[in-house]
S.K.: 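Structure provided below as structure tokens; questions to follow.
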Amino acid sequence: MPPAQNYGELVQIVYISRSLVRGTTAEVAAELADILAVSRQHNLREDITGALFFNGRGFAQTLEGAPLAIADCYARILRDKRHEDVRLIQHEYIGARGFAGWAMAYFADVGGAGFTLSPNFLHEIIARNADAAPVLELMRHLMRGA
Ligand SMILES: Cc1cc2nc3c(=O)[nH]c(=O)nc-3n(C[C@H](O)[C@H](O)[C@H](O)COP(=O)(O)O)c2cc1C
């Protein structure tokens, strides 16, 4: 049996940012697919889990994992020219992952622009993440601003 997760070994961050991804619907979808592919590959390797929300204008992302892995990942995300105005809105130590099993869950709502949104997605996140409230709150915030 794996050892119990000790409090302090896991950190969860949440940030929001403004998208600089431009182009046709297909170009935007391709760029997002690229972000997700690289993210999932890297996150699997680094044992990072989380969720990414995109509404066509802004991103909201939550990342959880070992503090050093998260710091390194966030530093790369900060340097990424595909978004700007990156604001960290939560950084806290957690006892257990809220998104265990998700190398990067993806939630998109870009006004029917070609993304598939599972109707159960939010319910799945709520079921998996006891701390979904802040993520959902910022998702609502981004939706209002769109
Ligand atoms: C909105 C957004 C979310 C991202 N999320 C992740 C992520 O969860 N994990 C990750 O490794 N890279 C993520 N990236 C990509 C990184 O910014 C970076 O491009 C990638 O890690 C490759 O970095 P490298 O070229 O230095 O290897 C994200 C980029 C954007 C724009």
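Quick caveat, the model's predicted, so the values are computed rather than measured. In listed order, ligands and their atoms are each counted from 1.
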S.K.: Using salt bridge (charged side-chain N to carboxylate O under 4.0 Å, His left out) as the criterion, point out the one residue from Arg82, Lys81, Arg22 that pairs with Glu31.
M.R.: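 By the salt bridge (charged side-chain N to carboxylate O under 4.0 Å, His left out) criterion, Glu31 pairs with just one of Arg82, Lys81, Arg22: Arg82.
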S.K.: Below 4.0 Å, non-hydrogen atoms only: which portion of Ile35 touches ligand 1? Side chain, backbone, both or neither.
M.R.: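 Within the 4.0 Å criterion, Ile35 contacts ligand 1 through side-chain atoms alone.
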S.K.: Side chain or backbone, does Ser17 bring an N or O within less than 3.5 Å of an N or O on ligand 1?
M.R.: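 No.
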S.K.: Let me see the working for Leu78 and Tyr15 under side-chain contact (heavy atoms from CB on, under 4.5 Å), right down to the final yes or no.
M.R.: CA-CA 10 Å; Leu78 271 178; Tyr15 76 83; over 6 Å; no
S.K.: Please state which protein non-hydrogen atom is closest to atom 6 (C) of ligand 1 and give its distance, to 0.1 Å?
M.R.: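 Checking every protein heavy atom, the shortest distance to atom 6 (C) of ligand 1 gives Ser39 OG, 2.9 Å.
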S.K.: Return the residue, atom name and 0.1 Å-rounded distance of the protein heavy atom closest to atom 20 (C) of ligand 1.
M.R.: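 Ranked first by proximity to atom 20 (C) of ligand 1 is Arg76 NH1, 3.5 Å.
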S.K.: Taking 4.0 angstrom as the limit, do Asp80 and Arg76 come out as a salt bridge?
M.R.: no
S.K.: Testing the basics here: between Ile48 and Ala69, what is the closest heavy-atom pair and its distance to 0.1 Å?
M.R.: CD1-O, 3.8 Å
S.K.: Taking 4.0 Å as the limit for heavy-atom contacts, which would you say applies to Tyr15 with ligand 1: side chain only, backbone only, both, or neither?
M.R.: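 Contact part for Tyr15 vs ligand 1: side chain (C-beta onward).
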S.K.: Below 4.0 Å, non-hydrogen atoms only: which portion of His83 touches ligand 1? Side chain, backbone, both or neither.
M.R.: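 The part of His83 near ligand 1 is the side chain, not the backbone.
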S.K.: One residue to check: Arg79. Relative to ligand 1, which of side chain, backbone, both or neither has a non-hydrogen atom less than 4.0 Å away?
M.R.: neither
S.K.: Quick check on contacts: which atoms of ligand 1 are under 4.0 angstrom from a heavy atom of Leu63?
M.R.: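 Near Leu63, meaning under 4.0 Å from one of its heavy atoms, ligand 1 has 8 (O).
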S.K.: Looking at Val38, which atoms of ligand 1 are within less than 4.0 Å of one of its heavy atoms?
M.R.: 20 (C), 22 (C)
S.K.: Got the closest protein heavy atom to atom 18 (C) of ligand 1, with its distance?
M.R.: Asp80 OD2, 3.8 Å
S.K.: Give the numbers and elements of all ligand 1 atoms closer than 4.0 Å to a heavy atom of His42.
M.R.: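 Close to His42: 10 (C), 11 (O).
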S.K.: Work out whether the distance between some heavy atom of Phe53 and some atom of ligand 1 is less than 4.0 Å.
M.R.: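 Heavy atoms of Phe53 never come under 4.0 Å of ligand 1.
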S.K.: Is Cys73 touching ligand 1 with its side chain, its backbone, both, or neither, if touching means heavy atoms under 4.0 Å apart?
M.R.: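 Within the 4.0 Å criterion, Cys73 contacts ligand 1 through side-chain atoms alone.
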S.K.: Identify, by atom number and element, the atoms of ligand 1 in contact range of Asn43, meaning under 4.0 Å from any of its heavy atoms.
M.R.: 7 (C), 8 (O), 9 (N), 10 (C), 11 (O)
S.K.: Rounded to the nearest 0.5 Å, what's the gap from CG on Leu68 to SG on Cys73? Could you check?
M.R.: 12.5 Å
S.K.: Would you say Ile77 and His83 make side-chain contact, with heavy atoms under 4.5 Å?
M.R.: yes
S.K.: Can you classify the ring geometry of Phe59 versus Phe54 as parallel (below 30°), tilted (30 to 60°) or perpendicular (above 60°)?
M.R.: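 It falls in the parallel class, under 30°.
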S.K.: Given the rule in the side-chain contact (heavy atoms from CB on, under 4.5 Å) test, do Met104 and Leu36 qualify, once you have shown the distances and angles that lead to the verdict?
M.R.: CA-CA 7 Å; Met104 190 45 59; Leu36 279 172; 4.0 Å; yes
S.K.: Is Ile48 touching ligand 1 with its side chain, its backbone, both, or neither, if touching means heavy atoms under 4.0 Å apart?
M.R.: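 Looking at Ile48 and ligand 1, no heavy atom falls under 4.0 Å.
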S.K.: Pick one of side chain, backbone, both or neither for how Met104 approaches ligand 1, counting any non-hydrogen atom pair under 4.0 Å.
M.R.: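 Contact part for Met104 vs ligand 1: side chain (C-beta onward).
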